[in-house]
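Right, one structure below, let's go through it.
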Amino acid sequence: MKATRTVLIGLVSVAAALAAGHLVAALVNPLASPFLAVGNTAIDLTPHPVKDFAVRTFGENDKVVLLAGMAVVVAGLGVVAGLVSRRGPWPGTLIALLLGLLGVGAVLARPTTTPLAVLAPVTSLVVGVVAFRRLHSRAAPQDMAERRRFLLSTAAVAAGAGLAVTAGQLLTARVDVESSRRGIRLRPQENAPEIPFGADFSREGTPAFLTPNQDFYRVDTALTVPRLRAEDWRLRVHGMVDNEMVLTYDDLLRRPLVERTITLVCVSNEVGGPYISTSNFIGVSLPDLLREAGVRPGADQLATRSADGWTCGTPVATIMAPGSNAMLAVGMNGEPLPVEHGFPVRMVVPGLYGFVSATKWLVDAELTTFGAFDPYWAQRGWGKKAPVKTMSRVDRPKPFEKVRAGRFVAAGVAWAQHTGIDRVEVRVDGGPWQQATISTEVNVDTWRMWRVELDLAPGGRTIECRATDRTGHVQTNDRANPIPDGATGWHSIAFTAVTNP
């Protein structure tokens, strides 16, 4: 049998299997799509250095790269299944069966698996095996009519796969999240103070103080964004509490809504990295809610769960501390949360890295202990409490930029959420430290910008910055990787001062 025919059979059969599983998953549980389940499992099993490399290299596109890579691998396996089946269908059948079992195993391993969810990978397995064997049986035509029937059968399976994928996407999108968002009006009883003049130095190279929602960083493990309508959302508060609670979205809106200006930062942020943003978050007080539930003595961890099964653990002491500003957020910058940032409800706890404080698509909150439960990242060796470290970054000049020699304004940002920044210092080429001018403080839960005027001689130059927080702690130059609990080190930029840039 010609290799081109068997390769075509392998590719079309794989496509039909994945499409059928995707369609059934759209009916029972979108997260049960075998392709997505395998991708999510791959994320869970990927070693930390590889994860760090992906985030550094591809940023928020890391999941797109993963899905594209998986598609290439699956297509390659389809090619192999065809090539090894030129003399008979059994080698390819075995590969199709193994791929199907891999999908079943991946779905069973997901934390959101239900009995019905297994229908999706099982359907994928059956369709893949049947399609391969049926097409293979017609792949050795002896005359023109039989060749035509083979081509028509192959085209029909390919077309069916395309229709199944399209139908699956349409069914998944039937949950009209955007319509739900548009119907919500948020009216905080307590608005955040206006951002004062001088809170940023954006004209001189720093970010704007408030990050537009579309530019707010996003780092999470979700291959596909959970789609929950506000009308369907429920939060269970349970565990070591006196009064177990189940809250609806309307229950939250009936509580006093407050607006707080808060800076969030991801633990994956390298020294000088971009994963830090600031927003006016709108929500309800998390300490008030926990007091109403009645936290029992000994409960030191709030374990929260996302709709896609991801788990987070937050120190109860940090949440309940006076002035913590911890909240269940329902809005960002005056509008309901964007879907990719946790709509309908997410958690925000200032002063902690996001992996222990910022659960998106929140659906479950259990009062427990650190000894009794390890959340997602703690199971992988990350820190359990992870307070944000005092850090600073150079935003101007850019790496390897050519700037005019002489008087030059350098600028950047510093942060020590829930502690506050007191001072930023800058030096050039390892010389004496020069104190920078820092922007007007908005509150201790937000970043502060800095600027400094430098007199640059022509030539290659290096600029470094360091911050001092409100406790007097000076940012360390000891280099540490982001994992397990945040990067440390001074940010430095190499650039060139020239007479005529």
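Remember, predicted model here, so these are calculated numbers, not experimental data.
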(request) Decide yes or no for L247 and R234: does some side-chain heavy atom of the first lie under 4.5 Å from some side-chain heavy atom of the second? (result) no

(request) List the atom of P287, the atom of S324, and the distance in Å for their closest heavy-atom pair. (result) CG-OG, 3.6 Å

(request) Measure across L125 and G100 and return the closest heavy-atom pair with its distance rounded to 0.1 Å. (result) CD1-C, 3.6 Å

(message) Please determine whether the number of non-hydrogen atoms from other residues, nucleotides or ligands lying under 6.0 Å from atom NZ of K384 exceeds 12.
(response) yes

(message) Taking the side chain as everything from C-beta on, heavy atoms only, tell me whether V452 gets closer than 4.5 Å to V409.
(response) no

(message) How long is the straight-line distance from OG1 of T114 back to CG of N29, given to the nearest 0.5 Å?
(response) 5.5 Å

(message) Once rounded to the nearest 0.5 Å, what's the spacing between atom CD1 of I483 and atom CH2 of W377?
(response) 7.0 Å

(request) From the options T206, V271, V413, select the one residue that forms a side-chain contact (heavy atoms from CB on, under 4.5 Å) with R393. (result) V413

(message) Using a 3.5 Å distance criterion without hydrogens, assess whether the side chain of T359 forms a donor-acceptor pair with backbone atoms of L362.
(response) no

(message) Please find the pair of heavy atoms, one from V424 and one from I438, that lie closest to each other, and give the distance.
(response) CG2-CG2, 3.8 Å

(message) Looking at E194, I'd like to know if its CD atom is crowded, meaning that more than 12 non-hydrogen atoms belonging to other residues, nucleotides or ligands lie closer than 6.0 Å.
(response) no

(message) Looking at R203, I'd like to know if its CZ atom is crowded, meaning that more than 12 non-hydrogen atoms belonging to other residues, nucleotides or ligands lie closer than 6.0 Å.
(response) no

(request) Hey, could you give me the CD/OG1 distance between Q417 and T263, rounded to the nearest 0.5 Å? (result) 5.5 Å

(message) Do S277 and D215 make a side-chain contact, defined as non-hydrogen atoms from C-beta onward lying under 4.5 Å apart?
(response) no

(message) Determine whether W233 and L252 satisfy the following criterion, side-chain contact (heavy atoms from CB on, under 4.5 Å), listing intermediate values before the conclusion.
(response) CA-CA 11 Å; W233 179 84; L252 289 188; 3.6 Å; yes

(request) Verify, without hydrogens or angle tests, whether E190 (side chain) and V258 (backbone) share a donor-acceptor contact under 3.5 angstrom. (result) no

(message) So does A37 get a backbone contact from the side chain of T41, meaning a donor-acceptor N/O pair under 3.5 Å?
(response) yes

(message) Less than 4.5 Å apart, side chain to side chain, heavy atoms only: is that true for Q169 and H22?
(response) yes

(message) Could you tell me if the side chain of V428 sits less than 4.5 Å from the side chain of L454, heavy atoms only?
(response) yes

(message) Please give me the minimum heavy-atom distance between N280 and A192, naming the atom from each residue.
(response) OD1-CB, 3.9 Å

(message) Could you walk me through whether L264 and Y217 satisfy the side-chain contact (heavy atoms from CB on, under 4.5 Å) test, starting with their C-alpha distance in whole Å, then the side-chain angles of each, then the deciding distance to 0.1 Å, before giving a yes or no?
(response) CA-CA 9 Å; L264 298 184; Y217 80 88; 3.8 Å; yes

(message) Does any part of the side chain of V474, heavy atoms only, come nearer than 4.5 Å to the side chain of R466, both counted from C-beta?
(response) yes

(message) Tell me whether T390 contacts the main-chain N or O of A416 through its side chain, where contact means a donor paired with an acceptor under 3.5 Å.
(response) no

(request) Give the intermediate values and the outcome of salt bridge (Lys or Arg N to Asp or Glu O under 4.0 Å) for residues R260 and D445. (result) CA-CA 9 Å; R260 298 283 186 262; D445 290 333; over 6 Å; no

(request) Would you please test V394 and W450 for side-chain contact (heavy atoms from CB on, under 4.5 Å) and show each step? (result) CA-CA 9 Å; V394 178; W450 59 264; 4.0 Å; yes

(message) Show, in sequence, the C-alpha distance, side-chain angles and deciding distance for R451 and E204, and conclude whether the salt bridge (Lys or Arg N to Asp or Glu O under 4.0 Å) test is met.
(response) CA-CA 8 Å; R451 66 181 298 278; E204 296 174 313; 2.6 Å; yes

(request) Measure up the F216 and H341 rings against each other and bin them: parallel (under 30°), tilted (30 to 60°), perpendicular (over 60°). (result) perpendicular

(message) Is it the case that the side chain of E259 and the backbone of G334 share a donor-acceptor pair, with hydrogens and angles ignored and the cut-off at 3.5 Å?
(response) no

(request) Working to the nearest 0.5 Å, report the span between CG of N40 and CZ of F35. (result) 11.0 Å

(message) How long is the straight-line distance from OG of S202 back to CE of M449, given to the nearest 0.5 Å?
(response) 8.0 Å

(request) Please answer whether the main-chain N or O of L257 pairs with a side-chain N or O of Q189 as donor and acceptor at a distance below 3.5 Å. (result) yes

(message) What verdict does the side-chain contact (heavy atoms from CB on, under 4.5 Å) test give for N325 and F281, after you've listed the backbone C-alpha separation in whole Å, the side-chain angles of each residue and the deciding distance to 0.1 Å?
(response) CA-CA 10 Å; N325 286 331; F281 286 98; over 6 Å; no

(message) Taking the side chain as everything from C-beta on, heavy atoms only, tell me whether C312 gets closer than 4.5 Å to W310.
(response) yes

(request) Might you work through the salt bridge (Lys or Arg N to Asp or Glu O under 4.0 Å) test for D485 and K389, ending with a clear yes or no? (result) CA-CA 9 Å; D485 59 0; K389 296 177 179 177; 3.2 Å; yes

(request) Mind jotting down which residue pairs meet the salt bridge (Lys or Arg N to Asp or Glu O under 4.0 Å) criterion with at least one end in residues 320-335? Sequence neighbours excluded, please. (result) R181-E335

(request) Provide the closest heavy-atom pair for G486 versus V267 in the form atom of the first, atom of the second, distance. (result) N-CG2, 3.3 Å

(request) Supply the atom-to-atom distance R396 CZ to F408 CZ, rounded to the nearest 0.5 angstrom. (result) 4.0 Å

(request) Indicate yes or no for a side-chain donor-acceptor contact from R110 to the backbone of A106 under 3.5 Å, with no hydrogens or angles considered. (result) no

(request) With the side chain counted from C-beta on, respond yes when L302 and M347 share a heavy-atom pair under 4.5 Å apart, and no when they do not. (result) yes

(request) May I have the step-by-step check of side-chain hydrogen bond (donor to acceptor under 3.5 Å, both in side chains) for T248 and D250, ending in yes or no? (result) CA-CA 5 Å; T248 68; D250 285 341; 5.3 Å; no

(request) Check F355 against G383 and note the closest heavy-atom contact, atom names and distance. (result) CE1-O, 3.1 Å

(message) I'd like to know if the side chain of W447 reaches the main chain of F209, judged simply by a donor and an acceptor atom lying under 3.5 Å from each other, with no hydrogens or angles considered.
(response) yes

(message) So, applying side-chain contact (heavy atoms from CB on, under 4.5 Å) with H238, which one of D364, T368, L367 is it?
(response) D364

(request) Check whether any side-chain N or O of T211 sits under 3.5 Å from a backbone N or O of T278 as a donor-acceptor pair, and report yes or no. (result) yes

(message) Tell me whether T123 contacts the main-chain N or O of A20 through its side chain, where contact means a donor paired with an acceptor under 3.5 Å.
(response) no

